[in-house]
Trainee: 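The structure's right below; bear with me while I get my questions together.
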Amino acid sequence: MIDGPWVAPEDDTASAAIAEIGAELDMFDEWMERYQYIIELGRKLPPFPSDWMNDAHRVPGCQSQVWLEAREQDGRLWFAGASDAAIVSGLVALLLRVYSGRPQSEILETSPQFLRDLGLVQALSTNRGNGVEAMAAAIRARAAAA
């Protein structure tokens with residue numbers, strides 16, 4: 001684990017994180033309750049340095065402003081992220097729970113298809129659905145470049 005704004009994995013593997021997220025979302029009967037849960041996840045993100053809230057860190061393709069940063073250490077990629085929108089911050093938190101603190105190979109082997117499998121993309125507006133997929137693509141592109 002590294003100090004700073006980096007998200008530490010809560011689960012042993014990316015696939016375990018996806019399964020846990022699915023189980024947590026299944027606890028709620030309605031999407032409004034799931035949205036509230038996702039917003040709460042976003043509130044728990046580590047503080048993102050304000051000097052990283054710039055175009056160099058901005059994720060293109062998102063309706064809201066989203067910023068990501070990555071650092072490689074000890075054979076793992078660590079991510080930090082933030083958004084100016086509450087629900088999108090929660091989506092950032094979900095993605096980082098899956099991908100942050102993982103080896104490059106695991107990130108690249110973990111398809112963002114889980115976003116559709118969990119019903120997240122379909123439950124969001126078209127722009128937000130495209131945005132969360134753009135965030136996943138940015139994370140995977142960073143892993144591919146590592």
Side-chain angles (χ1 to χ4, degrees), residues 1-2 4-50 52-71 76-146:
M1 175 58 198
I2 59 177
W6 316 103
V7 173
E10 298 175 32
D11 309 283
D12 291 339
T13 64
S15 58
I18 293 166
E20 264 312 298
I21 291 166
E24 291 163 8
L25 291 174
D26 283 345
M27 292 188 307
F28 304 104
D29 294 327
E30 298 177 17
W31 268 104
M32 288 310 293
E33 294 170 324
R34 290 181 183 125
Y35 291 142
Q36 205 46 50
Y37 172 73
I38 291 168
I39 288 168
E40 286 302 315
L41 292 178
R43 290 186 178 135
K44 296 176 186 172
L45 277 172
F48 192 80
S50 58
W52 288 354
M53 292 179 178
N54 56 38
D55 287 343
H57 293 90
R58 188 154 183 213
V59 177
C62 298
Q63 179 180 10
S64 304
Q65 293 192 79
V66 176
W67 303 276
L68 286 174
E69 177 58 274
R71 171 190 272 177
R76 295 176 179 272
L77 273 176
W78 300 86
F79 290 92
S83 174
D84 63 348
I87 187 76
V88 180
S89 289
L91 295 169
V92 169
L94 278 177
L95 285 169
L96 298 189
R97 180 171 173 186
V98 171
Y99 291 114
S100 186
R102 311 274 181 218
Q104 172 196 23
S105 59
E106 186 176 4
I107 294 169
L108 294 174
E109 291 165 6
T110 304
S111 166
Q113 177 63 34
F114 74 88
L115 295 166
R116 291 184 175 277
D117 295 344
L118 295 175
L120 286 166
V121 172
Q122 302 88 317
L124 298 167
S125 68
T126 301
N127 287 338
R128 288 240 160 87
N130 291 340
V132 73
E133 289 182 320
M135 287 184 267
I139 290 167
R140 290 168 48 84
R142 177 62 178 85

Trainee: Could you report the tightest heavy-atom contact between Met135 and Leu95, atom names first, then the distance?
Mentor: CB-CD1, 3.4 Å
Trainee: Give every donor-acceptor pair under 3.5 Å between a side-chain atom in residues 12-21 and any protein atom, sequence neighbours left out.
Mentor:
{"unit_1": "Thr13", "atom_1": "OG1", "unit_2": "Ser15", "atom_2": "OG", "d": "3.2"}
{"unit_1": "Thr13", "atom_1": "OG1", "unit_2": "Ala16", "atom_2": "N", "d": "3.0"}

Trainee: If you define the side chain from C-beta out and look only at heavy atoms, does anything of Trp31 sit under 4.5 Å from Leu120?
Mentor: yes
Trainee: Does Glu33 have any salt bridge (charged side-chain N to carboxylate O under 4.0 Å, His left out) partners at least two apart in sequence or in another chain, and if so, which?
Mentor: none
Trainee: Mind running side chain to side chain contact (heavy atoms under 4.5 Å, CB included) on Trp78 and Val7 for me, showing each step along the way?
Mentor: CA-CA 7 Å; Trp78 300 86; Val7 173; over 6 Å; no
Trainee: Under 3.5 Å, sequence neighbours excluded: what are the donor-acceptor pairs made by side chains of residues 37-45?
Mentor:
{"unit_1": "Tyr37", "atom_1": "OH", "unit_2": "Glu24", "atom_2": "OE1", "d": "2.3"}
{"unit_1": "Glu40", "atom_1": "OE2", "unit_2": "Arg43", "atom_2": "NH1", "d": "2.5"}

Trainee: Hey, what do you get for CD1 (Ile87) to CG (Leu124), rounding to the nearest 0.5 Å?
Mentor: 6.5 Å
Trainee: For Trp52 and Phe48, take the angle between the two ring planes, folded into 0 to 90°, and tell me which bin it lands in: parallel under 30, tilted 30 to 60, perpendicular over 60.
Mentor: perpendicular
Trainee: Could you check if a side-chain atom of Glu106 sits within less than 4.5 angstrom of a side-chain atom of Tyr99, using non-hydrogen atoms only?
Mentor: no
Trainee: For the backbone of Leu108 and the side chain of Arg102, can you confirm whether one donor and one acceptor N or O come within less than 3.5 Å of each other?
Mentor: no
Trainee: Taking only residues two or more places apart in sequence, or in another chain, which ones meet Arg116 in a side chain to side chain donor-acceptor pair (under 3.5 Å)?
Mentor: Glu133
Trainee: Can you spot which of Ser100, Pro103, Pro9 makes a side chain to side chain contact (heavy atoms under 4.5 Å, CB included) with Arg76?
Mentor: Pro103
Trainee: Which atom names give the shortest non-hydrogen contact between Ala138 and Leu68, and what distance separates them?
Mentor: CB-CD1, 4.2 Å
Trainee: Within a radius of less than 6.0 Å around CE of Met32, do more than 12 heavy atoms belonging to other residues, nucleotides or ligands occur?
Mentor: no
Trainee: Under the rule for salt bridge (charged side-chain N to carboxylate O under 4.0 Å, His left out), what residues qualify as partners of Asp11, not counting sequence neighbours?
Mentor: Arg97
Trainee: Please enumerate all residues that pass salt bridge (charged side-chain N to carboxylate O under 4.0 Å, His left out) together with Glu109, with sequence neighbours excluded.
Mentor: none
Trainee: Measure the shortest side-chain to side-chain distance between Phe79 and Arg71 over non-hydrogen atoms and say whether it is less than 4.5 angstrom.
Mentor: no
Trainee: With no hydrogens and no angle check, is any side-chain donor or acceptor of Arg58 less than 3.5 Å from a backbone partner on Trp67?
Mentor: no
Trainee: Do Ile107 and Arg140 make a side-chain contact, defined as non-hydrogen atoms from C-beta onward lying under 4.5 Å apart?
Mentor: yes
Trainee: Which heavy atom in Arg128 sits nearest to a heavy atom in Ala85, and how many Å separate them?
Mentor: NH2-CB, 4.1 Å
Trainee: For Pro112 and Ala136, work out which heavy atoms get closest and say how close.
Mentor: CB-CB, 3.6 Å
Trainee: Search all heavy atoms of Pro5 against all heavy atoms of Ala80 and return the closest pair with its distance.
Mentor: O-CB, 3.4 Å
Trainee: Taking all non-hydrogen atoms of both residues, which atom of Ala82 and which atom of Val92 are closest, and how far apart?
Mentor: N-CG1, 4.1 Å
Trainee: After noting the C-alpha distance and the side-chain angles of Val88 and Val132, does the key distance pass the side chain to side chain contact (heavy atoms under 4.5 Å, CB included) rule?
Mentor: CA-CA 8 Å; Val88 180; Val132 73; over 6 Å; no
Trainee: Counting only heavy atoms not in Asp55, do more than 12 sit closer than 6.0 Å to its CG atom?
Mentor: no
Trainee: How long is the span from the CG atom in Asp117 to the OG atom in Ser111, to the nearest 0.5 Å?
Mentor: 8.0 Å
Trainee: Is there side-chain contact between Leu77 and Ile139, with at least one heavy-atom pair below 4.5 Å?
Mentor: no
Trainee: Is a side-chain N or O of Asp84 found less than 3.5 angstrom from the main chain of Gln65, in a donor-acceptor match?
Mentor: yes
